[in-house]
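Shown next, in structure tokens, is the structure this report addresses.
The chains referred to below are lettered A, B, ... by the order of the sequence lines, with proteins before strands, and numbering in each begins at 1.
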Amino acid sequence: SRQRFLSAMAEVNTYFKELFVTLFKGGTADVRLLDENDPLESGVEVLAQPPGKKVGNMGLLSGGEKSLTSLAFLFALFRYKPTPFCILDEVDAALDEANLIRFLDLMKTIKSDTQFIIITHNYRTMEVADYIYGTTMEEPNVTRVFSMKMEKKAEAEPVA
Amino acid sequence: SRQRFLSAMAEVNTYFKELFVTLFKGGTADVRLLDENDPLESGVEVLAQPPGKKVGNMGLLSGGEKSLTSLAFLFALFRYKPTPFCILDEVDAALDEANLIRFLDLMKTIKSDTQFIIITHNYRTMEVADYIYGTTMEEPNVTRVFSMKMEKKAEAEPVA
Amino acid sequence: MYIKRLELQGFKTFPERTKVIFNPGITIIIGPNGTGKSNIVEAIQWVLGGHRQKTVRGEKTEDAIFNGTQKRPSMGMADVTLTLQNSEEELQINHRAFRTGESEYRLDGKTVRLRDIQEELWKKAISENKYYVIEQGAIGTFVTSKPVEKRALIEEAA
Amino acid sequence: MYIKRLELQGFKTFPERTKVIFNPGITIIIGPNGTGKSNIVEAIQWVLGGHRQKTVRGEKTEDAIFNGTQKRPSMGMADVTLTLQNSEEELQINHRAFRTGESEYRLDGKTVRLRDIQEELWKKAISENKYYVIEQGAIGTFVTSKPVEKRALIEEAA
Ligand SMILES: Nc1ncnc2c1ncn2[C@@H]1O[C@H](COP(=O)(O)OP(=O)(O)OP(=O)(O)O)[C@@H](O)[C@H]1O
Ligand SMILES: Nc1ncnc2c1ncn2[C@@H]1O[C@H](COP(=O)(O)OP(=O)(O)OP(=O)(O)O)[C@@H](O)[C@H]1O
Ligand SMILES: [Mg+2]
Ligand SMILES: [Mg+2]
């Protein structure tokens, strides 16, 4: 199944390059085998160059650049092999406002294929919700989940 | 120096308990030696119980609870041995609004002893600033630092 | 296939029977620190066989079961049911675990092995490797993760 | 003792001579992702002898020196000066490093060893262990860090 893996690599790489440019508004990215001669065992390396930068070592990327690169890679995997649902727990914590909006716009383009369940503290992210749930602990350490009506549907009372 | 270490432990513990209660509005906390019989070599364990919870394993705390507990411990060290300056890089990323405000209020009470340099993406944190700097890259990968006048002083134009 | 319903009882901070209905599209979960948002994500991973990455958040069976508060005793069992739905059918996956360490899985009411559930999910393009779940804090570690781990993600999707 | 001024040239994303004035009180630094905020923190740690925790952000000398862009060549040296001030005196600490691997420290213009700087700082209650710097992402890892690391923090303060 060496053939299958190589074709997966090639396809994921195409999508990764595309999505990286969408999220970073430019730059280049690449997924490649560490050892071309040993496709069955070799590890995989992900390279990312934000626009105008010459990043030798991926560890030097900033916190937000690392998050955004990882999200581009994740969505490239989904484009290669769509997954029915995706759960993201505070992936927006390190993103600035502009990068967050680009990420949310990208997510909206794939929500028809993939169901998203997203945990966030960020007001901007809440705005793209179709449904919102809140968690609270009226009794200590006991979670109560309640659904919130979206403000944009005019009435804003939380449903008990 | 064994005596010195033990008295440091005792004092840090007192402050940690106090600051933990301030930040969590209750609960209990403790700093203790793993092995009481070997004070010169033993590791130190930090225990935290947010209000109404029975946390056996510190790994089960939530992301925000871990951040807040760490900040209580850090400020307990500062109270024991004041440090002239403190640099915090996006420590507020996991905090919800209420915990963030309590942390910022605590920081304001010690800013007369300790200089703070804080990196954040959070508007609430920006509000407590005495001075604000912005970073930008007009030329790719070249940082320019500019000072921003605080809005509360009426004029909001960034200083070149 | 989408997540239609999650029912939990005795799992982490859910001593009471709790039911959460989901829909296609984007569902956002918000709430103060420590109120159980990540525990909901963990419940979904748990009923599908557990975490992808070994996390510090407690890997022992008893860490999944409600361990009590000052007002409530700890419980002896955690019980989570996940209902998945697509245009033709509905799948109900259940996982129960006891403080004694025993645990059982059910698929549409029938006791099965975890392996059987994962094979059934595989047919619906739901991977066992769970690359579709990004745990809290994990998004910043992918870029500097080991090349063999990055390879595993592509192999899983291939 | 407070940080009065930071001057950098050739360090990370600062090819041009850059001067940042600080004051007592709270200074906030904001800006888009990747524009050099954490690099400012790293410059302060670097001039005082380097990181406390071994981080992935490049530990080799050349990782600290501006490595060029499409328009500018890489530079051969990184030069950072930190000015500390209290009511009686001013301390100027300088660290220079070259791509060849050589590096030197100066205290008020005189070439010294790093050890000498750390002893001078110690007298002003500025610890070598730098527990006063919390790097990006580090706040979430303290609680589950090893007991021996937690002990080191208290020993440092003692
Ligand atoms: N087995 C268990 N029994 C009871 N409580 C538990 C159990 N496991 C975890 N908890 C509690 O769950 C809480 C953590 O919840 P969770 O991580 O879901 O919070 P969260 O809403 O994600 O918060 P944050 O916004 O800070 O990430 C902790 O306070 C912990 O004590
Ligand atoms: N030696 C170097 N030469 C040139 N550029 C470098 C060097 N080391 C790091 N960089 C660049 O610095 C950038 C990271 O900057 P930094 O981490 O300070 O960003 P930040 O403002 O903290 O962003 P975030 O908000 O995402 O945390 C990366 O894009 C990296 O390529
Ligand atoms: Mg959480
Ligand atoms: Mg940063």
Side-chain angles (χ1 to χ4, degrees), chain A residues 1 4-5 7-9 12 31 34 42-46 48 58-59 61 63 66-67 69-71 73-74 77-78 80-91 94 107-108 111 115-121 125-126 128-137 139-145, chain C residues 1-3 12-16 18-32 34-41 44-45 68-72 84 86 124-127 131-144 146-151 153-158:
Chain A
S1 176
R4 199 183 161 74
F5 176 74
S7 86
M9 273 285 286
V12 170
V31 180
L34 278 185
S42 165
V44 163
E45 202 35 79
V46 166
M58 296 293 279
L61 288 176
K66 281 181 183 152
S67 290
T69 304
S70 308
L71 290 166
F73 185 80
L74 182 75
L77 279 182
F78 288 173
Y80 169 69
K81 181 165 176 173
T83 175
F85 47 83
C86 172
I87 303 170
L88 303 175
D89 193 347
E90 301 195 25
V91 296
M107 195 170 68
K108 279 190 280 190
K111 75 174 194 185
Q115 175 190 34
F116 282 97
I117 298 175
I118 313 251
I119 295 175
T120 186
H121 291 294
T125 307
M126 293 175 205
V128 305
D130 297 311
Y131 306 90
I132 295 192
Y133 278 106
T135 54
T136 181
M137 284 183 167
E139 185 189 332
N141 211 36
V142 173
T143 300
R144 192 170 77 77
V145 183
Chain C
M1 213 79 202
Y2 73 93
I3 294 177
K12 298 230 172 187
T13 49
F14 298 90
E16 302 274 351
T18 306
K19 199 162 81 175
V20 187
I21 309 290
F22 291 104
N23 294 284
I26 300 176
T27 299
I28 302 258
I29 302 175
I30 60 175
T35 52
K37 300 182 297 295
S38 296
N39 289 343
I40 292 173
V41 173
I44 295 172
Q45 289 178 294
T69 61
Q70 278 140 19
K71 290 215 189 73
R72 288 179 189 247
L84 301 174
N86 69 11
K124 322 261 177 244
I126 300 169
S127 119
Y131 62 83
Y132 51 81
V133 178
I134 306 283
E135 295 174 4
Q136 194 169 356
I139 196 70
T141 58
F142 165 73
V143 158
T144 47
K146 294 195 195 67
V148 64
E149 285 168 21
K150 290 180 179 125
R151 180 187 175 102
L153 285 176
I154 297 184
E155 277 178 341
E156 188 70 30

Aromatic ring proximity, centroids under 6.0 angstrom, A:F85 and C:Y132 = yes

Counting only heavy atoms closer than 4.5 Å, note whether C:I21 contacts chain A via side chain, backbone, both or neither.
-> both

Residue C:K124 versus chain A: region with a heavy atom under 4.5 Å | backbone

The interface call for A:T136 against chain C, heavy-atom contacts under 4.5 Å, is backbone

Should the pair C:R72-A:E139 be classified as a salt bridge under the 4.0 Å nitrogen-to-oxygen rule?
-> yes

Does any heavy atom of chain A fall under 4.5 Å from the side chain of C:P15, the backbone, both, or neither of them?
-> side chain

Taking side chain as C-beta onward, heavy atoms only, is C:I44 less than 4.5 Å from A:I87?
-> yes

Most chain A-contacting option - heavy-atom pairs closer than 4.5 Å, from C:N23, C:L84, C:I40 | C:N23

Which one, C:G31, C:G36, C:A157, leads in non-hydrogen pairs under 4.5 Å with chain A?
-> C:A157

Chain C heavy atoms under 4.5 Å from A:L34: which part of the residue, side chain, backbone, both or neither?
-> side chain

Side chain, backbone, both or neither: which part of A:I117 has a heavy atom under 4.5 Å from chain C?
-> both

Specify which of A:E90, A:K108, A:M107 makes the most heavy-atom pairs with chain C at under 4.5 Å.
-> A:E90

So which of A:L88, A:V46, A:V31 has the biggest tally of heavy-atom pairs under 4.5 Å with chain C?
-> A:V46

Got C:I28 and A:Y131 here, is their nearest side-chain heavy-atom distance under 4.5 Å?
-> no

For chain A, which of C:I126, C:N86, C:V143, C:V20 has the most heavy-atom pairs under 4.5 Å?
-> C:V143

Assess the pair A:F73 and C:F142: is the distance between their ring centroids shorter than 6.0 Å?
-> yes

A:D89-C:S38 side chain donor-acceptor pair, cut-off 3.5 Å | yes

Under 4.5 Å from any heavy atom of chain C - which part of A:S7 | neither

Pair C:T69, A:N141: side-chain N/O donor-acceptor within cut-off below 3.5 Å = no

Residue set satisfying salt bridge (Lys or Arg N to Asp or Glu O under 4.0 Å) with C:E155, at least two apart, ordered chain then number -> C:R151

